[in-house]
**Student:** 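Take this structure, written in structure tokens, and hold onto it; I'll ask about it next.
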Amino acid sequence: MFKKHTKILAIFFIIILLFSSFVFAENEISDNGIMPISEQGNEVENSIMTSQQSNDSYKKSDVYLLEKNVTIDYIVDGNLFVCADTVTINSQIGGDAFIIAKTLIVDEQAYIFNNLFVTADSIEIKGIVYDVYSMSRITTISGGKIYRDAKLTADTFNINGTIGRNAFVTASNINFNTDGNSKGVIHGNLDYYAKSEISIPENSVNGDIHYNSIAINKTVSFASIIADYILDLGAFISFVLIIWLICLWLAPKFLENSSNYISKKLLLSIGLGLLFLLVVPIICFILLLLQLTAGVSLLLLVLYILFIAIARTLFTISINNYICTKLNITKNIVKFGILILTTLVIWGITQIPYVSVIVSIATIVIGLGILILSILPNSNKNILE
């Protein structure tokens with residue numbers, strides 16, 4: 001029964017992830033799977049037809065790359081995933097582009113028909129992108145164009161090109177027309193966060209300009225610190241008690257035998273917990289690269305996060321049952337009271353400086369091992385109902 005309800009929880013989390021996905025209903029999709037932009041019309045369509053004449057310059061699928069330097073000089077009729085030192089895009093990307101790099105150059109021939117999600121030290125946009133979501137030290141639009149919105153965080157943002165709609169920026173410096181050649185224009189609104197108000201050249205923003213100050217050296221009162229600790233403790237105790245009550249209802253045999261994982265199978269629990277913690281992310285990454293098993297990778301990732309979330313709770317419950325077994329306590333109401341005290345002690349230890357990190361990792365590792373041991377069919381006969 002314990003396994004059955006674990007599956008139900010996993011399905012529930014997957015449904016949430018599916019509903020939280022981006023849907024771009026306002027964009028019309030062409031027959032070849034790439035979103036055309038009406039304003040570019042014939043120029044874009046002719047460019048696509050010319051490029052598709054060579055099979056070597058056309059990838060009709062998602063592309064995953066992990067290299068030192070990457071140059072995309074072929075059409076990608078799908079999403080692009082890249083992790084590299086330097087990334088240069090010279091062609092058309094039919095879907096979204098997800099980039100992690102030191103330097104990203106969206107060159108003059110580049111055309112990203114959907115969103116660009118990027119984390120980089122330096123970003124330079126010379127081509128065309130639909131929407132940009134970025135974090136960087138320097139972001140520069142060098143004669144290029146962002147058709148719709150730019151949502152970015154940077155130390156310096158140079159606008160020597162065009163933003164078709166609105167810009168939402170957090171930056172220390174916002175500069176227009178720094179190259180002396182291209183006119184930087186935001187056709188919509190500019191909403192920006194900065195330490196102080198920035199001088200915006202006249203006619204550079206067609207819409208409204210909204211400045212939001214960033215608070216510096218915000219003073220935190222002693223009362224608010226205590227309140228945060230109380231809320232954190234209350235949340236942890238509540239979560240432990242809820243999981244304990246669920247186990248008492250759905251898997252009472254697990255509660256009765258959970259002390260064995262501490263007294264008799266502690267080393268095995270630690271080994272399995274470490275193995276699960278380290279190996280599962282690698283398996284998820286491999287399954288994601290295989291593309292056909294991307295769904296399996298997502299399911300495994302959801303279970304991985306779920307298991308980590310309840311690991312410390314299962315460790316606390318097992319420790320409490322071990323203490324109750326040693327004290328010959330059998331009444332659930334008494335176990336409930338001692339569980340509150342056990343939870344309070346474990347939470348207190350995790351708040352001690354320097355020790356907290358080690359204790360937190362240890363409780364999660366052992367909790368993961370306990371959970372895995374409880375699920376393995378051969379090692380727990382008659383434990384789960």
Side-chain angles (χ1 to χ4, degrees), residues 1-17 231-263 265-266 268-281 283-284 297-324 332 335-336 338-351 356-377 379-380 383-385:
M1 184 175 291
F2 191 81
K3 292 187 220 175
K4 177 180 178 182
H5 286 270
T6 301
K7 293 178 181 177
I8 294 174
L9 284 173
I11 294 172
F12 175 74
F13 276 100
I14 291 173
I15 292 173
I16 292 177
L17 289 173
L231 288 174
D232 185 61
L233 173 60
F236 183 47
I237 292 177
S238 300
F239 190 60
V240 170
L241 295 180
I242 290 171
I243 296 297
W244 184 79
L245 290 172
I246 291 175
C247 291
L248 186 64
W249 174 39
L250 298 177
K253 291 293 183 181
F254 167 74
L255 288 181
E256 292 176 11
N257 294 275
S258 60
S259 61
N260 293 332
Y261 300 127
I262 300 297
S263 60
K265 299 182 179 180
L266 180 59
L268 183 58
S269 297
I270 294 173
L272 288 175
L274 280 173
L275 187 66
F276 182 86
L277 193 65
L278 299 175
V279 172
V280 171
I283 295 176
C284 288
S297 175
L298 177 61
L299 174 60
L300 190 58
L301 182 61
V302 170
L303 290 176
Y304 181 75
I305 296 172
L306 178 62
F307 282 13
I308 290 178
I310 65 175
R312 190 161 62 136
T313 297
L314 292 182
F315 170 80
T316 304
I317 292 172
S318 300
I319 285 289
N320 182 74
N321 287 345
Y322 176 75
I323 294 172
C324 291
N332 287 331
K335 290 182 178 180
F336 186 87
I338 295 178
L339 180 60
I340 295 177
L341 295 176
T342 304
T343 305
L344 180 60
V345 171
I346 292 176
W347 178 87
I349 295 174
T350 59
Q351 305 306 309
S356 60
V357 176
I358 298 174
V359 174
S360 297
I361 294 175
T363 56
I364 290 175
V365 168
I366 297 174
L368 286 172
I370 290 172
L371 181 56
I372 295 170
L373 277 174
S374 68
I375 293 175
L376 292 176
S379 60
N380 298 283
I383 288 182
L384 303 178
E385 293 185 340

**Student:** With heavy-atom distances below 4.5 Å as the criterion, would you say the side chains of L245 and W249 are in contact?
**Tutor:**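 The answer is no, as the side chains (C-beta and beyond) never meet within the 4.5 Å cut-off.
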
**Student:** Taking the side chain as every heavy atom from C-beta outward, state whether I366 and L266 have any pair of such atoms under 4.5 Å apart.
**Tutor:**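 When only atoms from C-beta onward are counted, L266 and I366 do touch, with a gap below 4.5 Å.
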
**Student:** Quick one: which of L371, I242, V240 gives a side-chain contact (heavy atoms from CB on, under 4.5 Å) with T313?
**Tutor:** V240

**Student:** Can you tell me how far CG of L300 sits from CZ of F307, rounded to the nearest 0.5 angstrom?
**Tutor:**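 One finds 9.0 Å between CZ of F307 and CG of L300.
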
**Student:** Is it the case that atom OH in Y322 sees more than 12 heavy atoms from other parts of the structure closer than 6.0 Å?
**Tutor:** no

**Student:** Checking the side chain of S356 only, and the main-chain atoms of Q351 only, is there a donor and an acceptor separated by less than 3.5 Å?
**Tutor:** no

**Student:** Any idea which heavy atoms bring I364 and A311 closest together, and the distance?
**Tutor:**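 What the structure gives for the nearest pair is O-CB, 3.5 Å.
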
**Student:** At what distance, to the nearest 0.5 angstrom, does CG of L301 lie from CG of L306?
**Tutor:**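 Answer rounded to 0.5 Å: 11.0 Å.
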
**Student:** Side-chain polar contacts of residues 339-349 - donor-acceptor pairs under 3.5 angstrom, sequence neighbours left out - could you list them?
**Tutor:**
unit_1, atom_1, unit_2, atom_2, d
T342, OG1, N320, OD1, 3.1
T342, OG1, I338, O, 2.9
T343, OG1, L339, O, 2.7
W347, NE1, D232, OD2, 2.7

**Student:** Under a 4.5 Å cut-off applied to non-hydrogen side-chain atoms, are F239 and I310 in contact?
**Tutor:** yes

**Student:** Which value, rounded to the nearest 0.5 Å, describes the distance between L248 atom CG and N332 atom CG?
**Tutor:**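 With rounding to 0.5 Å, CG (L248) is 5.0 Å from CG (N332).
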
**Student:** To the nearest 0.5 angstrom, please state how far the CD1 atom of I372 sits from the CG atom of L314.
**Tutor:** 11.0 Å

**Student:** What is the distance from atom OG of S297 to atom CD1 of I283, rounded to the nearest 0.5 Å?
**Tutor:** 10.0 Å

**Student:** Under 3.5 Å, which donor-acceptor pairs link side chains of residues 271-281 to any protein atom two or more places apart or in another chain?
**Tutor:**
none

**Student:** Tell me whether the NZ or CZ atom of R312 lies within the 45° cone about the ring axis of F236 and under 6.0 Å from its centre.
**Tutor:**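 Yes, a cation-pi geometry holds between R312 and F236.
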
**Student:** Distance check, rounded to the nearest 0.5 Å: T316 atom OG1 versus L241 atom CG?
**Tutor:** 10.5 Å

**Student:** Can you name the nearest heavy-atom pair linking L250 to P252, along with the distance?
**Tutor:** C-CD, 3.6 Å

